[in-house]
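Heads up, the thing below is written out as C-alpha cells.
In listed order, ligands and their atoms are each counted from 1.
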Amino acid sequence: MTANMTDAHTGRGTARSRTERLRELSETYSARNYHPLPVVIAEAEDSWVTDVEGRRYLDLLSAYSALNFGHRHPRLVAAAKRQLDRLTLTSRAFDHDTFGPFCKELAELAGMEMVLPMNSGAEAVETALKTARKWGYEVKGVPPEQATIIAFTENFHGRTTTVISFSTDPDARASYGPYTPGFRVVPYGDLDALAAAMDESTVGVLVEPVQGEAGVIVPPDGFLTGVRRLCTERGALMMADEIQSGLGRTGRTFACEHEGVVPDVYILGKALGGGLLPVSAVVSSRDVLGVFRPGQHGSTFGGNALACAVGREVVAMLRTGEYQERSARLGAHLHERLRALPSALVREVRGRGLWAGVEVTVPAREVCARLMEMGVLAKETHVHTVRIAPPLTISETDLDWAVDRLAEALG
Ligand SMILES: *Cc1c(COP(=O)(O)O)cnc(C)c1O
C-alpha cells in the first residue's frame, strides 16, 4: 500500500508496473466484454507493436485482419493526413469528391457495379440482410413478411441483435432474445442440408468462404461452388461475408476466388479501413443494390470523406495484386512450416494464405500467454485454436522467427 502510494505520487517505483496500473483502469472502468492478454500497447509500426514498458512484440493477430497492411502503413497514413487537411465528413446529405471515386474503384476491384458504404462489419452484414429481404420482396416476389435467409453453424457475422439471432455460439447469443425471425441455420459445408433448407421463401444465403472466428475453418472442396449453384438454381442471393477472409488475407483478393466463385453480394470491412478507421461496404450488382431508394437505408458516417480517402488507397494497393501474391507465397511457407511442427500438442493446422488456425490439445490461451512472454502476440479462438494472421507485409524472417517461437511455446 505504501509502495503503491509512493508509486502513484512520484510516478516512479516498481511496486506496480504501468501495465498493471493501466490494466486495472481498463478492468475497473470498461465493461468486461473482452478478456485481453495482459499487455498494454502504446505504439506500433508495420508488424511490430511496443508496449508501455518498451517491450516489443510481433503482431500475429492483425486486429482480426483489419491490419492486413500492417500498423500505420505510410501510404495509408499519408492518404489519411492529406484528407484530414481537406475534408472529413459531410454526411450523405451532401455528396463529396472522394465518395464517387471510392465507390467506382471498389466496385471495379470486386468486379461489381455498385457499393453501399457503411462503417463496421456488423453494419455491412445488416445492410446485406436488408438488401436480400428487399430484393426478395420487390424483385423475386416473395409474399410480405415471408422471406428467409440461410446461414451456417459456427458462423460469425457480428454482434448486432439480428446477427446474433442466427449465431450458434451460446456466448454470443444467450440472454439477448427475443431473436429476429426469418433465419435458418444449416451445418457449414453441408450442401444437402442447404438444398433441403431452401424454398421459395429463401432470398439469400449468407456464407463465410472461410470461417474465421470458428477457428479458421476451410470448407470442403466444392462447397462454395455448390452454394453458388444452389443460389442460382433457386433464385437466392449468395452473400459472401469476406470481412475477414477478403482483401488479400487468403492469397487472393477474395477467398471465393479459390473456387472460382463469384457471389451476388460481397460484404467487406476490416482491412477496407486500412487499420486506420472503420470502413465497411456491401458490393453488388445494379439489379441488387438498385432496390434502395432515398430514405430507405443510411448511415451518418458511412462513406465519409476520410473513410473514402483511406478506402481508395486500400483499393489502389490491392489493385496491383502484390499483397495477394505476398500472402499466397508467405502463406504457403507458413503452412509448410506449421505442418512440420514437431509438437505432439498440435492436432490440426488449417487455413489459406497468411491465415492459419493451429488446433492444439492444450488450452490455446496458455500457448498465447507463453508466446506473449517471448514477444509474439497471438490470440486464441475458442478453446483450442491458436489463430495466426500476421500483417500481409510481414517479412519472411519475422514470420520464421514467430514460427520458431510457436514451436518453443508448444515445447
Ligand atoms: C469481424 C467480422 C464481422 C464483424 O465486423 P465488426 O467490424 O466487428 O462489426 C463480421 N463478419 C466476419 C466474417 C468478421 O470476421
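For ligand 1, the protein residues within 4.0 angstrom (heavy atoms only) are Ser120, Gly121, Ala122, Phe156, His157, Gly158, Glu208, Asp241, Ile243, Gln244, Lys270.
Side-chain contact between Thr361 and His384 is absent, with no heavy-atom pair separated by less than 4.5 Å. Between Glu242 and Ile267 the shortest side-chain heavy-atom distance does not fall below 4.5 Å. Inter-residue side-chain proximity for Val39 and Thr19 is flagged as unmet; no heavy-atom pair is nearer than 4.5 Å.
Proximity of the aromatic rings of Phe223 and Tyr188 is defined here by a centroid distance below 6.0 angstrom, and this criterion is met.
Listed by chain and number, the residues in a ring pair (Phe, Tyr, Trp, His ring centres under 6.0 Å) with His96 are Phe99 (sequence neighbours excluded).
Put simply, the side chain of Arg347 never gets that close to the backbone of Ala344: no donor and acceptor are under 3.5 Å apart.
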